[in-house]
Visitor: 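This structure is in structure tokens; I'll ask about it shortly.
Nothing here was measured: the structure is a model prediction, and the numbers come from that model. A note on names: the letters A, B, ... follow the listed sequences, proteins ahead of strands, and every chain is numbered from 1.
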Protein chains: 2
Amino acid sequence: MPVLTQIAPSGAARTVGQPDALDLLEQFGTTLRVSRDEEVYAEGDPADYCCRVISGCIRTVRLMEDGRRQVGEFLLEGDLFGLEDVGTHDFSAEAVTDSVVRRYPRRMIEALAETRPALSRRLRELMQAGLRAAHERLLRLGRKTATERIASFLAEMDRRSAHAGPTFLELPMGRADIADHLGLTVETVCRVLAAMKRDGVVGIARTGVELRDRRALRALGAE
Amino acid sequence: MPVLTQIAPSGAARTVGQPDALDLLEQFGTTLRVSRDEEVYAEGDPADYCCRVISGCIRTVRLMEDGRRQVGEFLLEGDLFGLEDVGTHDFSAEAVTDSVVRRYPRRMIEALAETRPALSRRLRELMQAGLRAAHERLLRLGRKTATERIASFLAEMDRRSAHAGPTFLELPMGRADIADHLGLTVETVCRVLAAMKRDGVVGIARTGVELRDRRALRALGAE
DNA sequence: CGCAGGGTTGATAGCCTTCAAGGTCTGTGG
DNA sequence: CCACAGACCTTGAAGGCTATCAACCCTGCG
């Protein structure tokens, strides 16, 4: 099954048949099924593999001694993760929903990158994108209010999602995951979403939000 | 002058004469002098160059409409920056102190990386490190208290610094820069530092802190 | 010697958290 | 098909951490 050629470089749908340098890894990949809340790998595990989300949603998680939790990022269909870890994983990776993950041995990636400039370039591009995203989130956590964080998070998910409906944005993760991603509490996430609903910016469902006013949302996100 | 061979991969002193894949870029580099608060490049500038700190300290900065400011990171001697930007720079880069920066054309880097696996690998390593650092900072901003942020920041700077004295940690940046890096205000930075001083963890000077108790500092940092 | 910029300290306020109590949905078993 | 249990979500009240506002201090420099 030519899984990878169905999946876009950045997670959006891409023309089937377009070759991707990452396809070079395909023959060394193994498929992994992870059910909801199951770990793909744990913090501290040897970072022998890089992974790619085939379907579902994965979160990276860092846990502090006292239980405080940071969700580093949410990975969607097509996204790679675990690429940055060397030696051991700094964050664990857990399934937000039942997911399928394809796993590639890091040694094989490194070896192939030595002789395949296209792959090497592709990896570099992916990490550049990861860095830019991380810096964006740094601003979000460092200087934005709760409302701005949530608005910009929704806008980000909107951009990254496969756009099932033009107006409904699916959020596979629970409120707690969102809170731990944005440096907030569950209660604040609920309250802010409720306020946005009152203002007619979004409609709220358990599984996602209806984007009633994307312009207002962007404005609230202060981007 | 073989500048690069004097500078370590990770910013720490390295044996002179050890070849570094980055040396390949050296012939295409140009040296730039930037004085305090001067820009190396602005947000939105075309990202035609990657830079490296030869001496001094650089900060990356993102400004919001209303004046809120996020300092993405501080770059010290040997650090590369601007590596992640494609098209245009997402953050500006400014000199914290009078600095010397070496600048390499991105096209040249890309071109060389195509044929030099060692360089390509090195770039990948640098971005991996950058990603890990960014994720660490995400945890810091998302889930840590003011005291924890400052303690872990000091610990980070201690790790990265060239260790002039074994006990005095130089902080080239002002309190405002630290605040904007940690998502705090100047006043909070001052108060927390004062509290740490009262507790005998650090001594305070305008230009840095004396690390009186590194163990206590790590504990305060909640790492 | 006085000024300017950065640093420090104090008082008050506000945003978000914490603590608490329902409410709602989903899946499971009768 | 329905009832129930538990997880998740939502809403309310009170408190705390950090921001804001304000004043003062210190230090380097013209």
Visitor: Just checking A:R206: base, sugar-phosphate only, or nothing, at a heavy-atom cut-off of under 4.0 Å?
Guide: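 The residue A:R206 makes base contact.
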
Visitor: Whole-Å distance between D:dC9 C1' and A:I204 CD1?
Guide: 10 Å

Visitor: Please give, in whole Å, the distance from D:dT11 P to A:K197 NZ?
Guide: 7 Å

Visitor: Any chance you could lay out the side chain to side chain donor-acceptor pair (under 3.5 Å) test for A:R102 and A:T31, step after step, and finish with the verdict?
Guide: CA-CA 4 Å; A:R102 195 137 173 99; A:T31 301; 2.5 Å; yes

Visitor: What closest approach, in Å, do B:Y49 and B:R106 show between heavy atoms, and which atom pair accounts for it?
Guide: O-NH2, 3.5 Å

Visitor: Without decimals, in angstroms, what is the distance between B:R68 CZ and D:dA19 P?
Guide: 13 Å

Visitor: Quick test of your reading of the model: are A:R160 and A:D79 salt-bridged, counting only N-O distances below 4.0 Å?
Guide: yes

Visitor: Identify the two heavy atoms, one from A:L217 and one from A:A155, that lie closest to each other, and give their separation to 0.1 Å.
Guide: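 Minimum heavy-atom separation between A:L217 and A:A155: CD2-N, 4.0 Å.
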
Visitor: By a strict heavy-atom criterion of less than 4.0 Å, which residues belonging to residues 176-196 of chain B are in contact with DNA chain D?
Guide: B:G183, B:L184, B:T185, B:E187, B:T188, B:R191

Visitor: Starting at CZ of B:R175 and ending at C1' of D:dC26, how long is that distance when rounded to a whole Å?
Guide: 12 Å

Visitor: Among residues 135-148 of chain A, which residues get a heavy atom nearer than 4.0 Å to DNA chain D?
Guide: none

Visitor: Specify the separation, in whole Å, of atom CD1 of A:I150 and atom P of C:dC15.
Guide: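 The distance from CD1 of A:I150 to P of C:dC15 comes to 15 Å, rounded to the nearest Å.
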
Visitor: What are the two closest non-hydrogen atoms of A:S35 and A:A95, and how far apart are they?
Guide: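 It is O-CB, 3.5 Å.
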
Visitor: Would you kindly give the CE-to-C1' distance between A:M173 and D:dC9, to the nearest whole Å?
Guide: 16 Å

Visitor: Looking at A:K144 and A:E223, is any side-chain nitrogen of the basic one under 4.0 Å from a carboxylate oxygen of the acidic one?
Guide: yes

Visitor: Between A:R62 and B:E136, does at least one N-O distance fall below 4.0 Å, as a salt bridge requires?
Guide: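 Salt bridge: yes.
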
Visitor: Looking at B:V201, is its backbone amide N or carbonyl O close enough to the side chain of B:D199 to form a donor-acceptor pair, meaning the two atoms are under 3.5 Å apart?
Guide: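 Side chain of B:D199 to backbone of B:V201, a donor-acceptor pair under 3.5 Å: no, none is there.
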
